[in-house]
Amino acid sequence: MAERVAIILAAGISKRMNTLLPKVLHEVCGRPMLAYVLDACRKVGVVNIYVVVGFGNEQIKERFGQLKDTVWVLQEQQKGTAHAVLCCKEYLKDFEGQTLVLCGDGPLIRADTLKTLVEKHESDQPAATLATAVLNDPAGYGRIIRDAKGNIRGIVEDSDCTSKQLAIKEVNPSYYIFNNKVLFDAVQNVKPDNVKKEFYLTDVVSGIIAAGHKVLAVTAVRPDEARGVNSRVQLAAANKIMQRRIQQELMDNGVTIVDPDNTWIDIRAKIGQDTVIEPFTYIHGEVKIGQGCRIGPFAYLRHGTVLQNDVVLGVFTEVKNSTLADGVRARHHSYIGDAIVGRNVNVGAGSITANFDGKRVNRTNIGNDCYIGSGAVLIAPLDLKDGSQISAGTVVSQESIDKLGRKEQKD
Ligand code: UD1
Ligand code: MG
């Protein structure tokens with residue numbers, strides 16, 4: 001088996017997104033788009049990933065940090081996708097293996113599809129293989145041009161298509177694998193002969209064919225993963241598709257989602273068997289929910305929330321960076337932030353942890369079997385012993401608890 005690397009193109013300015021943030025850092029269900037593409041590459045055994053960055057490259061590098069398998073390659077001027085690949089030449093000119101080329105703005109990519117692509121390339125041994133998709137609405141994508149025998153002849157960008165070519169429904173989702181030497185020979189010959197005057201990677205395909213090599217195109221990409229993200233509208237559409245996938249997997253794992261269309265769950269969330277998620281629940285960030293919990297309706301769970309088993313969180317309950325042990329109940333209008341809540345604690349309606357004193361975020365510890373009456377304000381930092389009873393409407397500070405303790409000792 002040949003050694004394999006990947007190039008991910010992520011340097012574009014992305015005029016259509018109208019953004020100051022590099023496009024590939026925009027998030028889909030809680031993760032930057034680029035993270036999905038990196039992960040998919042890793043699942044098909046690449047040894048190194050070359051990510052071409054340009055616009056906002058510092059931000060991208062800061063977000064991802066130093067990754068062991070990743071080289072950040074700078075494309076100073078964004079002259080097109082072929083030029084972006086050419087920027088990797090100094091790293092890859094002598095590499096004898098296979099090179100996958102993918103776009104950083106394709107977060108819907110599935111590793112299984114990449115596997116199909118790679119296997120086809122391994123078994124048929126062409127110079128290049130690309131995976132294509134058939135879309136009912138192909139507008140905006142490069143069209144796959146085939147000859148009468150069905151062999152691929154090239155790719156024509158949407159803006160360069162004739163009206164006849166515009167009707168072609170088979171498109172290029174930008175999933176390619178090349179024999180590396182062939183790729184770098186062809187990419188340096190690409191000319192900016194197109195409406196946008198850019199160096200197009202798509203022209204490499206016809207270049208390789210013209211040089212007498214074989215190129216294969218397999219229709220292996222499902223419509224729901226072919227969609228690239230070039231605009232905010234497409235970003236929202238990608239979020240919807242990914243959300244459906246996340247929920248599908250959770251449901252397959254035994255989680256009930258009462259109303260999938262009105263529930264939003266971050267890809268990083270983990271949810272245990274027989275937990276029920278009621279409508280209008282929003283789960284954002286790394287959140288872990290155990291088994292048999294009941295969440296929502298209208299619950300908001302934020303980064304760092306850990307719910308053990310049989311926890312019940314009801315309407316307008318927000319939890320952040322807190323661990324709630326088995327059997328905790330907070331059924332109505334509560335905020336629990338930066339807290340550790342012990343087993344079987346009942347948090348009454350409208351009770352909150354006042355965790356921010358204007359300068360610092362402080363922690364609250366609530367022992368096992370405590371009862372927090374309705375409308376209690378727990379001023380952090382605060383430590384409540386096991387079995388503490390807090391009356392409804394009380395404002396509790398550590399000072400007041402300590403005083404009470406001293407008074408009880410005197411009595
Ligand atoms: C590209 C393909 C098109 C395909 C579509 C799939 C080309 C010419 N077109 O079009 O056939 O249907 O993807 O989504 O390849 N980039 C760079 N440097 C550059 C220009 C772009 O790194 O100089 C990066 C972008 O950041 C982006 C990717 O390459 O991640 C693709 O560029 P984009 O402008 O989004 O191309 P599309 O018009 O989507
Ligand atoms: Mg794109």
Side-chain angles (χ1 to χ4, degrees), residues 6-19 21-26 28 32-38 50-57 59-60 72-88 101-109 113 128 130-135 137-145 152 154-161 165-166 168-176 178 183 186-187 190-207 217 221 223-235 237-238:
I7 296 176
I8 302 178
L9 309 182
I13 294 170
S14 186
K15 285 201 199 94
R16 290 167 282 180
M17 281 293 273
N18 191 5
T19 177
L21 187 72
K23 176 163 73 170
V24 296
L25 289 188
H26 282 263
V28 170
M33 288 198 255
L34 179 60
Y36 291 94
V37 188
L38 285 168
Y50 299 85
V51 185
V52 184
V53 289
F55 175 73
N57 70 84
Q59 274 168 285
I60 299 175
W72 304 105
V73 180
L74 187 65
Q75 182 193 26
E76 279 182 28
Q77 270 186 308
Q78 284 70 57
K79 298 183 191 167
T81 45
H83 178 257
V85 168
L86 200 55
C87 292
C88 300
V101 181
L102 302 166
C103 289
D105 66 350
L108 297 169
I109 190 165
T113 309
L130 41 138
T132 68
V134 175
L135 298 183
D137 176 12
Y141 293 88
R143 305 299 203 282
I144 304 296
I145 311 297
I152 180 164
I155 304 171
V156 180
E157 285 306 285
D158 189 84
S159 46
D160 297 308
C161 277
Q165 287 168 334
L166 283 175
I168 296 171
K169 295 203 156 141
E170 188 179 12
V171 303
N172 168 37
S174 290
Y175 294 16
Y176 318 80
F178 298 92
L183 170 64
V187 85
V190 169
K191 304 267 175 318
D193 295 336
N194 51 61
V195 173
K196 293 192 184 160
K197 304 276 172 271
E198 286 185 8
F199 294 86
Y200 283 165
L201 181 62
T202 43
D203 289 343
V204 158
V205 173
S206 47
V221 185
D224 82 346
E225 61 178 312
R227 306 250 163 224
V229 175
N230 297 316
S231 65
R232 308 270 179 169
V233 170
Q234 290 174 340
L235 180 67

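For ligands, and for the atoms within them, numbers begin at 1 and follow the listed sequence.
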Inset, instruction - Look at atom 23 (O) of ligand 1 and say which protein heavy atom is nearest, naming residue and atom and giving the distance to 0.1 Å. - result: Gly80 N, 2.8 Å
Inset, instruction - Please confirm whether Tyr176 comes within less than 3.5 Å of ligand 1 when only nitrogen or oxygen atoms on both sides are compared. - result: no
Legend entry - Proximity of Ala11 to ligand 1 by residue part, where a heavy atom lies under 4.0 Å: both
Inset, instruction - Write out the residue and atom name of the closest protein heavy atom to atom 9 (N) of ligand 1, then the distance separating them to 0.1 Å. - result: Glu157 OE1, 2.9 Å
Inset, instruction - Check whether any N, O or S atom of Asn230 sits under 2.8 Å from the Mg ion (ligand 2). - result: yes
Inset, instruction - Would you tell me which option among Ser174, Gly12, Ser231 has the nearest heavy-atom contact to atom 5 (C) of ligand 1? - result: Ser174
Inset, instruction - Please write down residue, atom name and distance for the protein heavy atom closest to atom 7 (C) of ligand 1. - result: Thr81 OG1, 3.5 Å
Legend entry - Numbered atoms and elements of ligand 1 in range of Ala84, under 4.0 angstrom, heavy atoms: 17 (C), 18 (N), 22 (O)
Inset, instruction - Determine which of the N, O or S atoms in Asp105 is closest to the Mg ion (ligand 2) and give its atom name. - result: OD2
Inset, instruction - Would you check whether Thr202 reaches within less than 4.0 Å of ligand 1, judged by its heavy atoms? - result: yes
Inset, instruction - Give the numbers and elements of all ligand 1 atoms closer than 4.0 Å to a heavy atom of Lys23. - result: 35 (O)
Inset, instruction - Could you grab the distance from atom CZ of Arg16 to atom CZ of Arg232, nearest 0.5 Å is fine? - result: 13.5 Å
Inset, instruction - First locate atom NE2 of His83, then atom CD of Gln78, and finally report the distance between them rounded to the nearest 0.5 Å. - result: 9.0 Å
Legend entry - Contact (N/O only, under 3.5 Å) between Gly142 and ligand 1: yes
Inset, instruction - Enter the distance from Gln77:CD to Gln75:CD here, rounded to the nearest 0.5 Å. - result: 9.0 Å
Legend entry - Point-to-point distance, once rounded to the nearest 0.5 Å, from CD1 of Ile144 to CG of Asn172: 5.0 Å
Inset, instruction - Give yes or no for whether the N/O distance cutoff of 3.5 Å, strictly under, is met between Asn230 and ligand 1. - result: yes
Inset, instruction - Considering heavy atoms of the protein only, find what lies nearest to atom 30 (O) of ligand 1 and give residue, atom and distance to 0.1 Å. - result: Leu9 O, 2.9 Å
Inset, instruction - Between Ser14 and ligand 1, find which residue part has any heavy-atom pair under 4.0 Å and reply side chain, backbone, both or neither. - result: neither
Legend entry - Atoms of ligand 1 close to Lys79 [distance to a heavy atom under 4.0 angstrom, numbered from 1]: 23 (O)
Legend entry - Asn194 side chain vs Glu198 backbone, donor-acceptor pair below 3.5 Å: yes
Inset, instruction - Distance to 0.1 Å, residue and atom name: give those for the protein heavy atom nearest to atom 28 (C) of ligand 1. - result: Cys103 SG, 3.6 Å
Inset, instruction - Apply side chain to side chain contact (heavy atoms under 4.5 Å, CB included) to Met17 and Asn230, showing your working. - result: CA-CA 6 Å; Met17 281 293 273; Asn230 297 316; over 6 Å; no
Inset, instruction - Would you mind listing which atoms of ligand 1 come within a distance below 4.0 Å of any non-hydrogen atom of Gly104? - result: 30 (O)
Legend entry - Tyr200: numbered ligand 1 atoms lying under 4.0 Å from its heavy atoms: 8 (C)
Legend entry - Qualifying residue, where the test is side chain to side chain contact (heavy atoms under 4.5 Å, CB included) with Phe178 and the options are Leu183, Val187, Leu130: Leu183
Inset, instruction - Run the numbers on Lys196 and Asp160 for side chain to side chain contact (heavy atoms under 4.5 Å, CB included), then give the verdict. - result: CA-CA 9 Å; Lys196 293 192 184 160; Asp160 297 308; over 6 Å; no
Inset, instruction - Would you mind checking which non-hydrogen protein atom is closest to atom 18 (N) of ligand 1, with the distance to 0.1 Å? - result: Gln75 OE1, 2.7 Å
Legend entry - Inter-residue atom distance Leu108.CG - Met33.CE, 0.5 Å rounding: 9.5 Å
Legend entry - Tyr141 side chain to Gly228 backbone, donor-acceptor under 3.5 Å: yes
Legend entry - Per-residue contact class, His83 against ligand 1 - non-hydrogen pairs under 4.0 Å: neither
Inset, instruction - For the residue pair Val52 and Val85, establish whether any side-chain heavy-atom pair is separated by less than 4.5 Å. - result: no
Inset, instruction - Check the pair Thr81 / Thr202 against side chain to side chain contact (heavy atoms under 4.5 Å, CB included), numbers first and verdict last. - result: CA-CA 8 Å; Thr81 45; Thr202 43; 5.6 Å; no
Legend entry - Distance, nearest 0.5 Å, that separates CG of Leu34 from CG of Leu102: 10.5 Å
Legend entry - Distance from atom 33 (P) of ligand 1 to nearest protein heavy atom, with residue and atom: Arg16 NH2, 4.1 Å
Legend entry - Shortest protein contact, atom 6 (C) of ligand 1 (heavy atom only): Asn172 O, 3.5 Å
Inset, instruction - Begin from the C-alpha positions of Leu38 and Val51 and carry the test side chain to side chain contact (heavy atoms under 4.5 Å, CB included) through to its verdict. - result: CA-CA 9 Å; Leu38 285 168; Val51 185; 4.1 Å; yes
